[in-house]
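Contents: one structure, followed by commentary.
So you know, we letter chains A, B, ... as the sequences are listed, proteins then strands, and number each from 1.
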Number of protein chains: 2
Amino acid sequence: MKVYDHQLEVPGLRMTKQRKEVYRALMENADHPTASQLFDNLKNSQESMSLATVYNCLEALVEHGAIKQVNVDREPTRYCQNSAQHGHFHDQSTGTIHDINFKSGINLIDILDLPEGTEISSLEITLKGTLPS
Amino acid sequence: MKVYDHQLEVPGLRMTKQRKEVYRALMENADHPTASQLFDNLKNSQESMSLATVYNCLEALVEHGAIKQVNVDREPTRYCQNSAQHGHFHDQSTGTIHDINFKSGINLIDILDLPEGTEISSLEITLKGTLPS
DNA sequence: CAACAAACTTAGAATAATTCTAAAAAAGGC
DNA sequence: GCCTTTTTTAGAATTATTCTAAGTTTGTTG
Ligand SMILES: [Mn+2]
Ligand SMILES: [Mn+2]
Ligand SMILES: [Zn+2]
Ligand SMILES: [Zn+2]
């Protein structure tokens, strides 16, 4: 899958060469890579950059809502190209992470017992187990 | 709140002095402490022990389902005395973590779009935001 | 009980993901 | 082109956690 430049814009974020490359590398890698996996991917590419920059770019993209961070236990943080609301499934037999969507017409907040007036800024849902083979 | 020894048993786990003390310290501390906070609490107590042992004991208790681990982003892992299924709310204005229960009669799995035959071994749900003052 | 093996604890060293530092480079407005 | 701000960078620093290897405790067996 090719990703074209004009799709690599993020409202309110200056898209430097490096940020574009990191964003593109993530968009072309659906399997929730770590920062250093992305760094390795980029090493062999035109636009190589330092690991610190990969971290900086990912942080900027996360802050602007373009991508998501995924943490499973204390494993290295992984990054997700899917900016829509969704959950994650960590397949313990392969180590892979898969996106999970919520069934339509359901608002997750409605099933939680929260005090009146709670302000929610983010919601994360992560499962572990094995997928059917 | 005092916690008596006979409540500090965990099926299938040999309860050494150290494991009992770590378990008790967590039971007496409702605010999801870190390993090193528990270590500090225990330093001033009868049964002091090494930080490695606190980690070892917590790991054993987690593996046996007596307590839960809570990870929020990359912050130090926190431990939860509540072994029942529940979620967590991270209050960003205070840094505290609160337990969240699901409304009764609702099965969280039912609202997720999972492939037929998926085996789930754990489910985590974590919110961030602010609670009403 | 004494001997033994297995499980546990320990202090300190090692690890590794991430962040920090401070200097160079790039961007963009005027 | 000049100036200010932002970004990138290499490498050092940080720090939560794990590892190591030696000592201790526990439970078992003869
Ligand atoms: Mn990869
Ligand atoms: Mn505490
Ligand atoms: Zn995802
Ligand atoms: Zn909890």
Side-chain angles (χ1 to χ4, degrees), chain A residues 5 8-26 32-43 45-64 66-80 90 95 97, chain B residues 5 8-26 32-43 45-64 66-80 90 95 97:
Chain A
D5 272 13
L8 296 172
E9 294 302 321
V10 176
L13 181 64
R14 183 194 287 177
M15 288 310 268
T16 60
K17 280 192 306 204
Q18 289 87 349
R19 285 175 183 162
K20 253 185 210 151
E21 275 307 301
V22 169
Y23 197 15
R24 185 205 312 277
L26 178 58
H32 298 84
T34 63
S36 74
Q37 283 174 331
L38 289 169
F39 174 67
D40 288 344
N41 290 171
L42 292 166
K43 255 202 294 235
S45 90
Q46 211 58 27
E47 206 59 56
S48 80
M49 70 192 78
S50 79
L51 178 57
T53 299
V54 175
Y55 274 104
N56 289 342
C57 293
L58 289 168
E59 184 185 38
L61 291 165
V62 169
E63 271 171 5
H64 286 75
I67 66 175
K68 280 183 167 355
Q69 246 172 333
V70 185
N71 287 290
V72 177
D73 301 331
R74 293 248 111 208
E75 288 176 17
T77 299
R78 300 169 72 157
Y79 295 86
C80 172
H90 183 241
I97 290 187
Chain B
D5 272 13
L8 296 172
E9 293 301 321
V10 176
L13 181 64
R14 183 195 287 177
M15 288 309 268
T16 61
K17 282 192 304 201
Q18 290 87 350
R19 285 176 182 163
K20 254 186 210 150
E21 275 307 301
V22 168
Y23 197 15
R24 185 206 310 279
L26 178 58
H32 297 86
T34 63
S36 74
Q37 283 173 332
L38 288 169
F39 173 67
D40 288 344
N41 290 170
L42 291 165
K43 255 204 294 239
S45 90
Q46 210 59 25
E47 205 59 56
S48 81
M49 70 192 76
S50 80
L51 178 57
T53 299
V54 175
Y55 273 105
N56 290 342
C57 293
L58 289 168
E59 184 185 37
L61 291 164
V62 168
E63 271 171 6
H64 285 75
I67 66 174
K68 279 183 166 0
Q69 246 173 333
V70 185
N71 287 290
V72 177
D73 301 331
R74 294 246 112 210
E75 288 174 18
T77 298
R78 300 168 73 157
Y79 295 86
C80 173
H90 182 241
I97 289 187

Classify the nucleic acid contact of A:T34 as base, sugar-phosphate or nothing, counting any heavy atom under 4.0 Å across all strands shown.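 Since no nucleic acid heavy atom lies under 4.0 Å of A:T34, the category is nothing.
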NA contact type, A:S36, heavy-atom cut-off 4.0 Å: base, sugar-phosphate, or nothing? nothing
Over how many whole Å does the gap from [X] atom [atom1] to [N] atom [atom2] extend?
X: B:E59; N: C:dT9; atom1: CD; atom2: C1'; answer: 14 Å
X: A:R14; N: D:dT7; atom1: CZ; atom2: P; answer: 5 Å
X: B:F39; N: D:dT17; atom1: CZ; atom2: P; answer: 14 Å
X: A:K20; N: D:dT7; atom1: NZ; atom2: P; answer: 14 Å
X: B:L61; N: C:dC8; atom1: CG; atom2: P; answer: 12 Å
X: A:E75; N: D:dT18; atom1: CD; atom2: P; answer: 12 Å
X: B:E63; N: C:dC8; atom1: CD; atom2: P; answer: 11 Å
X: B:D73; N: C:dT19; atom1: CG; atom2: C1'; answer: 15 Å

To check you understand the geometry: which heavy-atom pair defines the closest contact between A:L51 and A:A35, and what is its length? CD1-O, 4.2 Å
Please write out the pairs of protein N or O atoms and N or O atoms of nucleotides 8-12 of chain D separated by less than 3.5 Å, giving the distance to one decimal.
unit_1 : atom_1 : unit_2 : atom_2 : d
D:dT8  : OP1    : A:T16  : OG1    : 2.5
D:dT8  : OP1    : A:Q18  : OE1    : 3.3
D:dT8  : O3'    : A:Q18  : NE2    : 3.2
D:dT9  : OP2    : A:S50  : N      : 3.4
D:dT9  : OP2    : A:T53  : OG1    : 2.5

Are the side chain of [X] and the backbone N or O of [Y] linked by a donor-acceptor pair below 3.5 Å?
X: A:H32; Y: A:Y79; answer: no
X: B:Q37; Y: B:T34; answer: yes
X: B:R78; Y: B:V72; answer: no

Any [X] side-chain heavy atom under 4.5 Å of [Y] side chain:
X: B:R19; Y: B:R14; value: yes
X: B:Q46; Y: B:K17; value: no
X: B:L42; Y: B:S48; value: no
X: A:S45; Y: A:N41; value: no
X: B:E75; Y: B:H90; value: yes

Terminal axes of the helix from C:dC1-D:dG30 to C:dC30-D:dG1 (five pairs each): angle between them, nearest 10 degrees: 30°
